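Right, one structure below, let's go through it.
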2 protein chains.
Amino acid sequence: MPEARTSTPRERYRTQVRAEIKEHAWEQIATAGASALSLNAIAKRMGMSGPALYRYFDGRDELITELIRDAYRSQADAFRAAAGSGADLAGLAHALRAWALEDPQRYFLIHGTPVPGYHAPGDITEIAAETMTVIVDACAALASPGGTAGAFDAHLEDHRQWAGDHPAPSPVLHRALSFWSRLHGVLSLELAGQFTGMGFDPALLFEAELKDLIGP
Amino acid sequence: MPEARTSTPRERYRTQVRAEIKEHAWEQIATAGASALSLNAIAKRMGMSGPALYRYFDGRDELITELIRDAYRSQADAFRAAAGSGADLAGLAHALRAWALEDPQRYFLIHGTPVPGYHAPGDITEIAAETMTVIVDACAALASPGGTAGAFDAHLEDHRQWAGDHPAPSPVLHRALSFWSRLHGVLSLELAGQFTGMGFDPALLFEAELKDLIGP
DNA sequence: TAATGTTCGTGATAGCTTCTAACTGATTGT
DNA sequence: ACAATCAGTTAGAAGCTATCACGAACATTA
């Protein structure tokens, strides 16, 4: 006998259909990009008429926002899983690259061209901030960066609230930002196919950037 | 008396209207992004009916391709102008940043999210390759990078045709790729607004990345 | 059990888009 | 001056988002 009925069959059906819609949406995004996402096409592929989807999503924008939210969550999960199993900063980097290669358009959905005027809901930026914390923690666990502290380190001393006022010294925060921006640099170029036809292996450039990041 | 009439009045009119169309297109892209570019809206803003534009462009795709071409040309011009007036690698970097900040959406039009299936015409990739040459030249003019040559440098030794078989040693090519990917990393994050609300000054992060790139 | 309310999916419709086709009128070259 | 070319028009097909009103299936309650 089922005792804790926390959801009615209707609710289950509803969430199931919502999930199916998102599944088709991801498929469509992966093959044609987010700008080509069509509610109508999804509905037809699910065997129902266009307006039916509006029972499940307020519109195209809400669906895309939901996909963005899922993408952020998936990325955060990948980071947490890596950090949870004892990965250091290099481990995080490899987890990020694997996650990105898994679905390039998913990566671009959150790190790609921004739509002017669009602002992500608060809960999304929260997830992003949490991800950043994982990175900063991994940077703090590393041997502190050598070399002389530059102007940016001094500047970061006074502007560290983005890291939740993490107790790490500013060169650590600096390294976290470099980690983020450099890996995003190689990854986005690789995923965009800018290296195809150039001959060299993007994985090795990624590795070289990572080594340079951790080394000194 | 005008002697060398290299173009008829009709041709002049044609190119003038084409330019005006592109002008409106850029305006629209800058404010709403490339995905929101509407031929119809452009036509209306120019005081004519939608289908009239098809006399000047084969369709939306050809217009966008033309804009991409112009963007690449503009970027190449910015690099050439900087290099021509004796700028070193840091000068190129600042020229790139200034060019990007001038019109973020123009930057994303060529360095942003790729549309799956779209392939740029050959002449565009030629311009891009030429730009790369300017960067490699500037890297070659710099003191050669210190530190031990890593695995990627060895790999580049055998994969250097992308640089037009530039005679520079592979650490120089390596630096050129790092230059490209790192600056793209900070720039794209800054232009995408990922740093807004974090408090620190993106220009200083850019400068720090540049210094680290040139320094050792 | 019967009546009531809620939810799902439909077709119709408005308004937008790209793009083709046929037609008018002005401009150009012979 | 006449014929060919070219610019721009309206009409229309096909696609999209999104809203509305309706019927049918479901759930809940009297």
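Convention: sequence-line order gives letters A, B, ...; per-chain numbering from 1. Values in this document were obtained by computation on a predicted structure and should not be read as measured data.
- Taking 4.0 angstrom as the limit, Arg14(B) places a side-chain polar atom (N or O) nearer than this to OP1 or OP2 of dA7(D).
- Taking atom CG of residue Leu37(B) and atom P of nucleotide dC16(C), one finds them 18 Å apart after rounding to whole Å.
- Listed by first and then second residue, the salt bridge (charged side-chain N to carboxylate O under 4.0 Å, His left out) pairs that reach into residues 124-134 of chain B are Arg80(B)-Glu130(B), sequence neighbours excluded.
- Distances from the side chain of Pro51(A) to the nucleotides dT10(C), dG9(C), dT9(D) place dT10(C) closest.
- Residue Arg55(B) contributes atom CZ, which lies 13 Å from atom C1' of dC19(C) at whole-angstrom precision.
- Between the C1' atom of dT7(C) and the CZ atom of Arg18(A) lies a distance of 15 Å, rounded to the nearest Å.
- In this structure, CG of Leu53(A) is placed 12 Å from C1' of dA18(D), rounded to the nearest angstrom.
- Straight-line distance from the CD atom of Glu11(B) to the P atom of dT27(C): 17 Å, rounded to whole Å.
- Between Leu39(A) atom CG and dG15(D) atom C1' there is a gap of 13 Å when expressed in whole angstrom units.
- Around CD of Gln161(A), the count of heavy atoms belonging to other residues, nucleotides or ligands within 6.0 Å exceeds 12.
- For Pro9(B), the listed nucleotide lying nearest its side chain is dT28(C); candidates were dC19(C), dT28(C), dT17(D).
- Which of dT6(C), dT10(C), dT17(D) sits closest to the side chain of Ala52(A) comes down to dT10(C).
- Tyr56(A) has a side-chain polar atom (N or O) that falls below the 4.0 Å cut-off from OP1 or OP2 of dG9(C).
- The listed nucleotides are dG29(C), dT17(D), dT10(D); the one nearest the side chain of Arg60(A) is dT17(D).
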For Glu190(A) and Leu101(A): C-alpha separation, side-chain torsions, deciding distance, then whether side-chain contact (heavy atoms from CB on, under 4.5 Å) applies.
CA-CA 9 Å; Glu190(A) 175 183 2; Leu101(A) 288 172; 3.9 Å; yes
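- The side chain of Ser49(A) contributes an N or O atom lying less than 4.0 Å from OP1 or OP2 of dG11(C).
- Leu63(B) places its CG atom 10 Å from the P atom of dC19(C), with the value rounded to the nearest Å.
- Taking for each of Arg10(A) and Gly47(B) the nucleotide of DNA chain D with the nearest heavy atom, the 5'-most of the two is the partner of Gly47(B).
- In the set dT9(D), dC16(D), dT10(C), the nucleotide with an atom closest to the side chain of Ser38(A) is dC16(D).
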Under 3.5 Å, which donor-acceptor pairs link side chains of residues 35-52 of chain A to any protein atom two or more places apart or in another chain?
from     : atom 1 : to       : atom 2 : distance (Å)
Ser38(A) : OG     : Asn40(A) : N      : 3.4
Ser38(A) : OG     : Ala41(A) : N      : 3.0

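- Summarising the geometry, the separation between NZ on Lys44(B) and P on dG8(D) is reported as 17 Å, rounded to the nearest angstrom.
- Considering only side-chain N and O atoms, Asn40(A) lies nowhere under 4.0 angstrom from the phosphate OP1 or OP2 of dG15(D).
- Tyr54(B) has no side-chain polar atom (N or O) that falls below the 4.0 Å cut-off from OP1 or OP2 of dC6(D).
- A salt bridge links Arg69(A) to Glu66(A): one of the charged nitrogens lies within less than 4.0 Å of a carboxylate oxygen.
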